[in-house]
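Here's the structure we're looking at; comments come further down.
For the numbers below, each heavy atom of this structure counts, side chains included, while hydrogens, waters and symmetry mates do not. These numbers were taken from a predicted model, which means no experiment stands behind them.
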Amino acid sequence: MSVPRSEEILAVAKENVAAFIRDQASTRSLTPIIRTLNDDLLSGDETARDMAARALAHLGFLERA
């Protein structure tokens with residue numbers, strides 16, 4: 001199974017985020033998702049960084065300033 005990318009995470013409706021996180025945690029997929037997003041956040045690609053920051057914020061893991 002592949003790790004959802006930023007675009008897929010951003011497509012999760014706000015009211016379904018808690019269920020998405022719960023489902024990913026129960027299948028032990030949450031850590032790889034967050035790891036991938038963090039890698040993108042630290043990358044040199046500005047678009048990837050922005051999308052990763054938005055996806056993390058959407059999941060509630062990053063507060064945008």
Within the 4.5 Å heavy-atom criterion, are Ser6 and Arg54 side-chain neighbours or not?
no
The single option from Ile33, Leu37, Asp40 that satisfies side chain to side chain contact (heavy atoms under 4.5 Å, CB included) with Arg5 is Asp40
Q. Is Arg49 reaching over with its side chain to a backbone N or O of Gly44, donor-acceptor style, under 3.5 angstrom?
A. yes
Inset, instruction - Report whether Phe20 and Phe61 are members of the same hydrophobic cluster (ILVMFWY, side-chain heavy atoms less than 4.5 Å apart, transitive linking). - result: yes
**Prompt:** Do side-chain atoms of His58 reach the backbone of Ala53 as a donor and acceptor pair under 3.5 angstrom?
**Reply:** no
Checklist entry - Under the 3.5 angstrom rule, does the side chain of Asn16 hit a backbone N or O of Ala19 as a donor-acceptor pair? => result no
Rounded to the nearest 0.5 angstrom, the NZ-CG distance for Lys14 and Leu59 is 9.0 Å
Worksheet item: Are Ile34 and Leu10 joined in one hydrophobic group, where the rule is that I, L, V, M, F, W and Y side chains link up if heavy atoms are under 4.5 Å apart?
Response: no
Do other residues, nucleotides or ligands put more than 12 heavy atoms under 6.0 Å from the CD atom of Glu46? no
Smallest heavy-atom separation, Leu30 atom then Ile21 atom, equals CD2-CG2, 3.9 Å
Report task. For residues Val17 and Ile9, determine if any side-chain heavy atom of one lies less than 4.5 Å from a side-chain heavy atom of the other. Result -> no
CZ of Arg35 to OG1 of Thr31, rounded to nearest 0.5 Å, is 6.5 Å
task = May I ask you to decide if Asp23's main-chain N or O and Thr27's side chain share a donor-acceptor pair within less than 3.5 Å?
result = yes
In terms of heavy-atom contacts, Val3 and Glu8 come closest through O-OE1, 4.2 Å
